[in-house]
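Written out below as C-alpha cells is the structure these notes cover.
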Amino acid sequence: MIEARRLHILRAVADHRTVTAAAAALYLTPSAVSQQLAALEQETGHRLVERSARGVRLTAAGDILLTHANAVLAQLERAESELAAYGSGEAGTVTVAAFATGIGLVVAPALTALARTAPGIRVHVQDAEGDASLLMVLDRQVDVAVAVEYRGAPGADDPRLTRVPLYAEPFDAVLPPGHRLAEAPQVALAELADDPWIGPYPGNPCHDVVVLACEYAGFQPRLEHTSDDFRAVVALASAAAGVALVPRSALRDMDLTGVVVRPVDEVAPTRRVFAAVRRGAEEHPLFRPVLAALREAAASQG
C-alpha cells in the first residue's frame with residue numbers, strides 16, 4: 001500500500017530537484033526524505049529517482065507515479081474540503097503569500113471585506129515573491145498564493161494547482177527627466193536599446209517580463225543596476241542611472257517628481273496576477289471566501 005505522505009515527498013523532490021531543498025520545504029531532514037523515498041521505491045517495486053551531481057530527477061517510473069500522485073493529493077484536498085464544509089467551516093485561519101504590490105492592491109482590501117462578510121476567518125499574510133509563493137502552496141507552508149505569471153510558471157492546466165485570474169496591468173517606462181524621449185507621449189522600447197537599464201534581479205517574475213519585452217523589441221537590455229524594490233528603481237532613474245519598466249500599480253502613491261513616466265508604445269509588457277490553491281482545495285469553506293474576496297478586490301481596481 002502506497003502512503004500518501006510519501007507521494008507528497010515525491011512531489012516535493014520533483015518540484016525542488018534536490019533532496020536537501022525538498023527536506024527544507026517540508027521541515028524534514030534530508031535523511032528522512034531519502035528514507036521515505038527508499039520506502040516508496042520498496043512499496044512500488046521501482047526505482048523512482050536518479051541522483052547526480054546536479055541534483056535529483058525522476059525516472060520514467062517516477063514520472064508515472066507523480067502523475068497519479070497529483071491526482072491522489074488533489075482528491076485528498078477535496079476530501080478535506082468536504083469534511084471542513086460538513087463541520088461548518090465558518091471559523092479558522094488561512095495563510096496567504098503575496099508579493100508586496102499585490103498585498104497593497106488586492107490582499108489588504110480583501111481582508112477589509114472579509115472582516116465584514118466572514119468575521120470568523122483569520123487571514124495571516126506573508127510577503128513572498130510571485131514565483132516563491134507557488135512552491136509555498138505546494139509544500140503546504142501557506143494555503144493561498146497571489147502570484148505573477150512568469151517564464152516557467154505552472155500553467156492553468158497544471159494538475160497540482162487551481163488558478164484564479166485576478167488582474168493584468170501594463171508596465172510603464174520610467175525615464176530620467178532629461179532623457180531624450182522625456183517629451184514623447186509614448187515610448188517605443190526599441191528606442192531604449194542603447195540605454196543603461198535598472199531592473200529586478202533574475203528570478204523575480206518582473207525580471208522575466210522586462211527581458212522578454214526587450215527581446216521582443218529586438219535587443220537585450222543592459223542591466224547595470226538591480227533591485228527588487230521599485231521605489232529604489234525609481235530613485236535610481238531619478239539619479240539618471242538608467243531607464244526602467246515598472247508595473248503601473250507599483251507607481252501608485254510614489255513620489256515621481258524626479259522622473260518621467262510614459263506608457264509603452266504598441267503592445268505594452270504586462271504583469272498577469274492570479275491566486276492559486278492546491279488543486280481540490282478551491283471549494284474548502286475557508287479558502288472559498290478568501291478567493292472570492294481577492295477576485296472582488298481585483299475587480300474593484302478595474
Side-chain angles (χ1 to χ4, degrees), residues 2-41 43-44 46-78 80 95-99 126-164 201-205 207-208 272-282 284 287:
I2 298 174
E3 291 191 18
R5 65 192 176 96
R6 290 175 182 153
L7 295 179
H8 183 56
I9 289 172
L10 179 70
R11 186 162 80 178
V13 169
D15 287 339
H16 293 278
R17 299 183 182 178
T18 71
V19 168
T20 301
L26 298 173
Y27 300 103
L28 297 172
T29 64
S31 62
V33 169
S34 295
Q35 289 169 10
Q36 292 300 316
L37 286 175
L40 186 59
E41 289 181 328
E43 287 173 346
T44 60
H46 291 278
R47 187 179 180 189
L48 302 175
V49 298
E50 292 180 343
R51 291 171 172 82
S52 70
R54 293 188 295 178
V56 176
R57 71 178 185 87
L58 299 190
T59 63
D63 284 333
I64 291 171
L65 184 58
L66 180 63
T67 299
H68 291 284
N70 288 330
V72 168
L73 294 173
Q75 191 59 41
L76 288 174
E77 292 285 354
R78 294 187 188 98
E80 290 182 7
T95 52
V96 177
F99 57 99
Q126 297 184 29
D127 190 334
E129 288 300 333
D131 53 343
S133 61
L134 295 177
L135 279 177
M136 293 170 72
V137 166
L138 290 171
D139 293 334
R140 302 183 71 91
Q141 296 175 13
V142 300
D143 302 310
V144 181
V146 175
V148 177
E149 194 72 65
Y150 62 94
R151 182 161 38 187
D157 59 348
D158 190 288
R160 302 168 298 169
L161 295 167
T162 294
R163 297 181 9 160
V164 178
Y201 283 97
N204 186 314
H207 174 88
D208 281 352
R272 303 186 187 281
V273 179
F274 59 92
V277 296
R278 293 178 294 277
R279 188 171 292 272
E282 59 273 10
H284 192 290
F287 303 166

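These values consider heavy atoms only, across backbone and side chains, with no hydrogens, waters or symmetry-generated copies.
Listed by chain and residue number, Arg78 satisfy the side chain to side chain donor-acceptor pair (under 3.5 Å) test with Gln75 (two or more places apart in sequence, or in another chain). Applying the side chain to side chain donor-acceptor pair (under 3.5 Å) test to Glu282 and every residue at least two apart in sequence or in another chain returns Thr162. Partners of Arg5 under the salt bridge (charged side-chain N to carboxylate O under 4.0 Å, His left out) rule, at least two apart in sequence or in another chain, are Glu3. Scanning for side chain to side chain donor-acceptor pair (under 3.5 Å) contacts around Glu149 gives Arg163, with sequence neighbours left out. Listed by chain and residue number, nothing satisfies the side chain to side chain donor-acceptor pair (under 3.5 Å) test with Gln126 (two or more places apart in sequence, or in another chain).
Side chain of Arg279 to main chain of Asp158: a donor-acceptor pair is present (N/O by atom type, distance under 3.5 Å, no hydrogens or angles). For Thr59 (side chain) and Leu48 (main-chain N/O), a donor-acceptor pair under 3.5 Å exists by modelled atom type. Judged by distance alone, the side chain of Arg160 and the main-chain N or O of Arg278 form no donor-acceptor pair under 3.5 Å. Remark: side-chain polar atoms of Glu80 are not paired, donor with acceptor, to backbone N or O of Ala281 under 3.5 angstrom. Remark: side-chain polar atoms of Thr18 are not paired, donor with acceptor, to backbone N or O of Gly55 under 3.5 angstrom.
Annotation: side chain of Pro154 is in contact with side chain of Leu134 (closest heavy-atom distance under 4.5 Å). Side-chain contact between His8 and Leu26 is present, with at least one heavy-atom pair separated by less than 4.5 Å. Residues Ile2 and Thr44 are in side-chain contact: their nearest non-hydrogen atoms beyond the backbone lie under 4.5 Å apart. Residues Val277 and Leu161 have side chains not in contact (no heavy-atom distance under 4.5 Å, counting atoms from C-beta outward). Side-chain contact between Val49 and Glu41 is present, with at least one heavy-atom pair separated by less than 4.5 Å. In this structure, Ile9 and Leu37 have side chains that are in contact, with non-hydrogen atoms separated by less than 4.5 Å.
When every heavy atom of Val146 is checked against every heavy atom of Phe99, the shortest pair comes out as O-CD2, 3.5 Å. Taking both residues in full, the closest heavy atoms of Val148 and Phe274 are given as C-CE2, 3.8 Å, listed atom of the first, atom of the second, then distance. Looking at every heavy atom in both residues, Val19 comes nearest to Pro30 through CG1-O, 3.5 Å.
His284 and Asp143 share no donor-acceptor pair across their side chains, judged by distance under 3.5 Å alone.
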Would Leu65 and Leu7 count as a side chain to side chain contact (heavy atoms under 4.5 Å, CB included) here? Give the steps.
CA-CA 8 Å; Leu65 184 58; Leu7 295 179; 4.0 Å; yes
Determine, step by step, whether His16 and Leu135 satisfy the side chain to side chain contact (heavy atoms under 4.5 Å, CB included) criterion, reporting the C-alpha distance in whole Å, the side-chain angles of both residues, the deciding distance to 0.1 Å, and the verdict.
CA-CA 9 Å; His16 293 278; Leu135 279 177; 3.8 Å; yes
Stepwise side chain to side chain contact (heavy atoms under 4.5 Å, CB included) check, Val33 with Val13
CA-CA 9 Å; Val33 169; Val13 169; 3.9 Å; yes
Using the rule given for side chain to side chain contact (heavy atoms under 4.5 Å, CB included), can you reason through Gln141 versus Ser133, listing the C-alpha separation, both sets of side-chain angles and the distance that settles it, and then say yes or no?
CA-CA 9 Å; Gln141 296 175 13; Ser133 61; over 6 Å; no
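Atom CG of Asp139 and atom CZ of Arg11 lie 8.5 Å apart (nearest 0.5 Å). Interatomic distance, Ser34 OG to Arg51 CZ, rounded to the nearest 0.5 Å: 4.5 Å. Rounding to the nearest 0.5 Å places CZ of Arg140 at 8.5 Å from CG of Leu73.
Pairs of residues two or more places apart, or lying in two chains, that qualify as salt bridge (charged side-chain N to carboxylate O under 4.0 Å, His left out) and include a residue from residues 56-65 are Glu50-Arg57.
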